[in-house]
Amino acid sequence: MKKKKILFVGAEAMPFAATGGLGDVLGSLPAAIKNADPKGSDVRVVMPLYGQVKEEYRKEMKEEKVFTVRLAWREQYCRIMSLKKDGVIYYFIDNEYYYKRDTLYGCYDDAERFAFFSMASLSMLKQIDFIPDILHAHDWQSALSVVYLKTLFSIDPDYAKIRAVFTIHNIEYQGNYDFSILGDVFALGAMERSIVEYGNCINLMKGAIVTADIVSTVSPRYAEEIRDPRFSHGLDPILRENAYKIRGILNGIDYVYYNPENDPVIEKNFSSDSIEDKYENKLALQRDLALPERCDVPMLAIISRLASHKGIDIISEMIGGLVSKNDIQLIILGKGTPEYEGFFHNLEKSFPDKVRAMIMYDRDLSKRIYAACDIFLMPSKSEPCGLSQMIASRYGAIPVTRETGGLYDSIKGYWVDNGEIKGNGFTFAGYNSYELAERTDAAIALYNDKEQRFALVKKIMDTDFSWKVSALSYLEMYGELI
Ligand code: GLC
């Protein structure tokens, strides 16, 4: 049997440029799939060459090809650069006019920038002489690569053979645009209009859902939730019609990058056999943040975008009471809406000996917090998969989560059955601050039962959240198409 050839198309990948979980996944899943395939697969990735990509990576890149990409009436420069990471070739679409910006997304011309990305990614295949068996596109930014493949490119026999998978990492962002740009920006004609048409405008994600051979999401639970109007942001009718091709595969995390046993940025390395060493990390963080240096105080953490759908609204309702009535410390790391940034600033002002709010993103600091803290709060309203609860577990921080999406699939409620520990966190179902407060109280109470706590911490650290199992599920899914 010949090697499977797979091309990932996505807007971000760690460590080159990333803003969130999508970047984590595109930085680690391709190599995991390659390594999991006993027959060996040829997995490659294509993403834009943003101005943010650091010189240390640019230095390693080699120029593959320079050509012109036609997008409607435009003729645009396109250079393909490449480098190899963990056995996976990453291609970068270089066009400084589109990608040398202050941000990865959120520009006035994102529609054009990502239409160009999709068109360039497909055009590239002939130029570099790599025709994959599977094109695997992720989220709205690369949705057009699936639409183009199945429409404009399908008359070419090489492209007609390619099967397409579209993965939804977050259904909230669908790529909605006015019909006035259908031809001029998206290079689509009247024939393709109905494919991308939804709710009286262009919806790129809908276009990819109806044209892809398989649609996947990042957890089994979310695969069900998105067929329900409470989660679908309007797309549930389309997902119900296409239910036969929807799959849900839980994400994993990069076990090399997230490894408390040899992580260079944390104070003291530790494993599930040396949980006591977590204290050194707690003391070091307390010292860094000028909090009272005490091992015995339970430390809670929130590392998140500070937005209501991450559960920050219900946190804000209960956290003041929790901090005032308990001997605890609370660390917040993240940015978000001015309302919540201000809220946590004020909380720190009200409880200067207990709370530190760091309104920023900092990956190294986040790992120091995971390593230091005892309880990790993640009560999302919806969560396609969520990676933080897995990272927290690996670093021995007990998660308190709401039962939704990937949180439901990865964290089960703790209880003790005849001396045996069941579950791996504290979970609740209703989206309200009472249940969150009640489960957080329970997690704090467990902190004072050192023996039980250590047993649970050991269990969560030993839970396997690596890509191993999921990579096999992806291979199986590709197998359905080849
Ligand atoms: C998005 C989702 C998050 C998921 C990540 C990676 O950021 O919101 O839940 O873990 O994508 O798939």
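In listed order, ligands and their atoms are each counted from 1. Values below: all heavy atoms of this structure, side chains included; hydrogens, waters and symmetry mates excluded. The chain is numbered in sequence order, starting from 1.
By the 4.0 Å N-to-carboxylate-O rule, Glu267 lies too far from Lys282 to be salt-bridged with it. Taking the charged nitrogens against the carboxylate oxygens, Arg230 and Asp228 do have a contact shorter than 4.0 Å, which makes a salt bridge. Look at Asp133 and Lys3 and you find no salt bridge, because none of the NZ, NE, NH1 or NH2 atoms lies under 4.0 Å from a carboxylate O.
For ligand 1, the polar-atom distance check finds an N/O of His169 within less than 3.5 Å of one of the ligand's N/O atoms. Among the atoms of Val25, none of the N or O lies under 3.5 angstrom from an N or O of ligand 1. Distances between N or O atoms of Cys385 and those of ligand 1 include at least one value under 3.5 Å.
Residue-ligand proximity, Gly386 to ligand 1, at heavy-atom distances under 4.0 Å covers atoms 3 (C), 4 (C), 9 (O), 10 (O). Heavy-atom contacts of Val218 reach the following atoms of ligand 1: 12 (O) (cutoff under 4.0 Å). Shown in contact with Asn170 at under 4.0 Å from a heavy atom are these atoms of ligand 1, numbered in order with element: 8 (O). For ligand 1, the atoms lying closer than 4.0 Å to a non-hydrogen atom of Gly21 are 5 (C), 6 (C), 7 (O).
By the neighbour-count criterion of 12 heavy atoms within 6.0 Å, atom OH of Tyr478 is densely surrounded, having more than that number from other residues, nucleotides or ligands.
In Asn251, the part holding a heavy atom less than 4.0 Å from any atom of ligand 1 is the side chain.
Using a 4.0 angstrom heavy-atom cutoff, Gly20 does not count as in contact with ligand 1.
Protein heavy atom at the shortest distance from atom 9 (O) of ligand 1 is Glu383 OE2, 2.6 Å.
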message: Quick one, Lys84 with Val88, criterion side-chain contact (heavy atoms from CB on, under 4.5 Å). Give me CA distance, side-chain angles, the key distance, then yes/no.
response: CA-CA 5 Å; Lys84 208 166 187 170; Val88 172; over 6 Å; no
- prompt: Taking it one step at a time, do Asp263 and Lys367 satisfy salt bridge (charged side-chain N to carboxylate O under 4.0 Å, His left out)?
  reply: CA-CA 9 Å; Asp263 188 331; Lys367 288 165 121 200; 3.1 Å; yes
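A cation-pi arrangement is not found for Arg101 relative to Tyr50, the charged atom failing to lie both closer than 6.0 Å to the ring centre and inside a 45° cone about the ring normal.
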